[in-house]
Amino acid sequence: QVQLVESGGGLVQPGGSLRLSCAASGSIFRILPMAWYRQAPGKQRESVATIGIDGTTNYADSVKGRFTISKDNAKNTVYLQMNSLKPEDTAVYYCHGPGLDWGQGTQVTVSS
């Protein structure tokens with residue numbers, strides 16, 4: 001089974017930036033669409049960005065214009081560049097694709 005490992009989270013001030021990475025143990029991004037999700041305390045997990053097999057991207061309204069999803073098929077890695085971060089972006093962030101197990105996620109905390 002392919003495993004996903006998220007990294008790159010941390011504590012950042014409002015207005016700051018972070019880049020999250022999601023490394024897969026196999027070459028799956030050529031055949032699977034992928035997405036970044038987040039889950040804040042007491043809230044349901046939500047999708048924030050998706051990337052198709054062909055590289056087509058979509059974003060939740062709450063992050064549009066601030067977040068960018070991308071992937072490197074050769075490195076089996078999906079990225080989430082997050083700019084102009086807000087306190088409401090604080091959550092555990094996960095990457096996921098159809099039929100894959102969820103990883104541990106990476107914590108993003110936006111606070112002054």
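In this text, all values refer to a predicted model and were calculated from it rather than measured experimentally.
Under the 4.5 angstrom side-chain criterion for Ile, Leu, Val, Met, Phe, Trp and Tyr, Val5 has no cluster partners at all.
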Just distance, no hydrogens or angles: give the donor-acceptor pairs under 3.5 Å from side chains in residues 11-25, sequence neighbours left out.
{"unit_1": "Ser17", "atom_1": "OG", "unit_2": "Asn83", "atom_2": "OD1", "d": "2.9"}
{"unit_1": "Ser25", "atom_1": "OG", "unit_2": "Gln3", "atom_2": "N", "d": "2.8"}

Side-chain donor-acceptor distances from residues 84-92 under 3.5 Å, at least two apart:
{"unit_1": "Asp89", "atom_1": "OD1", "unit_2": "Arg38", "atom_2": "NH1", "d": "2.9"}
{"unit_1": "Asp89", "atom_1": "OD1", "unit_2": "Arg66", "atom_2": "NH2", "d": "3.0"}
{"unit_1": "Asp89", "atom_1": "OD2", "unit_2": "Arg66", "atom_2": "NH1", "d": "2.7"}
{"unit_1": "Asp89", "atom_1": "OD2", "unit_2": "Arg66", "atom_2": "NH2", "d": "3.4"}
{"unit_1": "Asp89", "atom_1": "OD2", "unit_2": "Lys86", "atom_2": "N", "d": "2.8"}
{"unit_1": "Thr90", "atom_1": "OG1", "unit_2": "Pro87", "atom_2": "O", "d": "2.9"}
{"unit_1": "Thr90", "atom_1": "OG1", "unit_2": "Val110", "atom_2": "N", "d": "2.9"}

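With sequence neighbours excluded, no residue forms a salt bridge (charged side-chain N to carboxylate O under 4.0 Å, His left out) with Asp101. The side chain to side chain contact (heavy atoms under 4.5 Å, CB included) search around Pro41 returns none, not counting sequence neighbours. Evaluation of the side-chain hydrogen bond (donor to acceptor under 3.5 Å, both in side chains) rule for Ser47 yields no partner, not counting sequence neighbours. Residues satisfying the side chain to side chain contact (heavy atoms under 4.5 Å, CB included) test with Gln104, not counting sequence neighbours, are none. Every residue meeting the side chain to side chain contact (heavy atoms under 4.5 Å, CB included) condition with Leu32, not counting sequence neighbours, appears here in chain and number order: Ile28, Pro98, Leu100.
Applying the ring-ring contact (aromatic ring centres under 6.0 Å, His included) test to every pair with at least one member in residues 9-57, sequence neighbours left out, gives these pairs: Tyr37-Trp102. Residues in residues 53-86 take part in no ring-ring contact (aromatic ring centres under 6.0 Å, His included) pair, two or more places apart or across chains. Applying the side-chain hydrogen bond (donor to acceptor under 3.5 Å, both in side chains) definition to pairs two or more places apart or across chains, those involving residues 48-58 are Asp54-Thr56. Applying the disulfide bond (SG atoms under 2.5 Å apart) definition to pairs two or more places apart or across chains, none involves residues 56-87.
A distance-only check finds a donor-acceptor pair linking the side chain of Lys71 to the backbone of Gly52 [under 3.5 Å].
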